[in-house]
Amino acid sequence: VFAETGTANGNVANNGISFAFDQYFVGTLTVTKTAAVISDGFSPAGQAKPIPGAIVEYTISVQNNGLVTSGATMTEIIPTNTTYVAGSTTLNGAAVADVAGAMPYVTGAAINSPAAAAGVINPGSTAAEIAVVRFRVTIN
């Protein structure tokens, strides 16, 4: 006995075959990564060079140009020939605790727009909608 009914979306009533259709809503995320040399121990402020011992701050911005995204995570590696500056990671200006002395996003962690739940990146281009992660390293 085949009990399905209806003929919408290519279905034929009572033939034992049924089709189901759905839509997937996704955000379109744009990720931007920049680096700035904060200090090198020698040069005046604003003129620091990327030499051994210099501190470099990375800024990663994630903007959503689509629908609200949930479950957003980020994984980031520490660049080669650098050492992570412990306790330097922030998400939207708030400190993010290191994980066993390492940068918290090395193993992947949730990111979010300011004032949004973990993993939620709201669509838009204002500071209230863009997730911003910052961390520092020292050049070896």
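Computed from heavy atoms alone, side chains included, the values below leave out hydrogens, waters and symmetry copies. Note that the coordinates shown come from a computational prediction; the quantities given were computed from them, not determined experimentally.
Tracing side-chain contacts under 4.5 Å through hydrophobic residues (I, L, V, M, F, W, Y), one never reaches L29 starting from V132; they form parts of separate clusters. Both I78 and V31 sit in one connected hydrophobic cluster of ILVMFWY residues. Membership requires side-chain heavy atoms under 4.5 Å apart, directly or through other members. One hydrophobic cluster, built from ILVMFWY side chains closer than 4.5 Å, holds both V137 and V96. V85 and L91 are not part of a single hydrophobic cluster, where members link through side-chain heavy atoms under 4.5 Å apart.
For the pair D40 (side chain) and K49 (backbone), a donor-acceptor distance under 3.5 Å is present. A donor-acceptor pair under 3.5 Å links the side-chain atoms of S113 to the main chain of N122, judged by distance alone.
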Original post:
Does the side chain to side chain contact (heavy atoms under 4.5 Å, CB included) test come out yes or no for R136 and I38, once each step is laid out?
Top reply: CA-CA 9 Å; R136 292 183 176 187; I38 303 301; 4.1 Å; yes
**OP:** Dump the intermediate steps for side chain to side chain contact (heavy atoms under 4.5 Å, CB included) on T32 and V62, then the final yes or no.
**Re:** CA-CA 7 Å; T32 305; V62 182; over 6 Å; no
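In this structure, the separation between OG on S125 and CG on N65 is 8.0 Å, given to the nearest 0.5 Å. Q47 CD to F42 CZ: the interatomic distance, rounded to the nearest 0.5 Å, is 15.0 Å. Here the OG1 atom belonging to T69 is positioned 9.5 Å from the CD1 atom belonging to I111, to the nearest 0.5 angstrom. In this structure, the separation between OG1 on T83 and CE on M103 is 13.5 Å, given to the nearest 0.5 Å. Annotation: the span from I121 atom CD1 to N64 atom CG amounts to 6.5 Å, rounded to 0.5 Å. The CD atom of E76 sits 10.0 Å away from atom OG1 of T89, with the distance rounded to the nearest 0.5 Å.
The nearest pair of heavy atoms linking A109 to P104 is CB-O, 4.0 Å. Taking every heavy atom of both residues into account, Q63 and G124 meet most closely at CG-O, 3.2 Å. In plain terms, the two heavy atoms of T75 and G108 that are nearest each other are OG1-CA, 3.4 Å. Heavy-atom minimum distance, A131 versus N112: CB-O, 3.2 Å. Here the closest non-hydrogen pair linking A110 and A118 is CB-CB, 4.1 Å.
Of the N and O atoms on the side chains of N140 and T82, not one donor lies less than 3.5 Å from an acceptor on the other residue. Side-chain contact of R134 with T59: a donor-acceptor pair under 3.5 Å is present, judged by distance alone.
Side-chain contact between V68 and V120 is present, with heavy atoms from C-beta onward closer than 4.5 Å. For the pair K33/Y58, a side-chain contact is recorded, criterion being any heavy-atom separation below 4.5 Å from C-beta on.
Note on ring orientation: taking the six-membered ring where Trp is involved, the planes of Y84 and F135 are tilted (angle from 30° to 60°).
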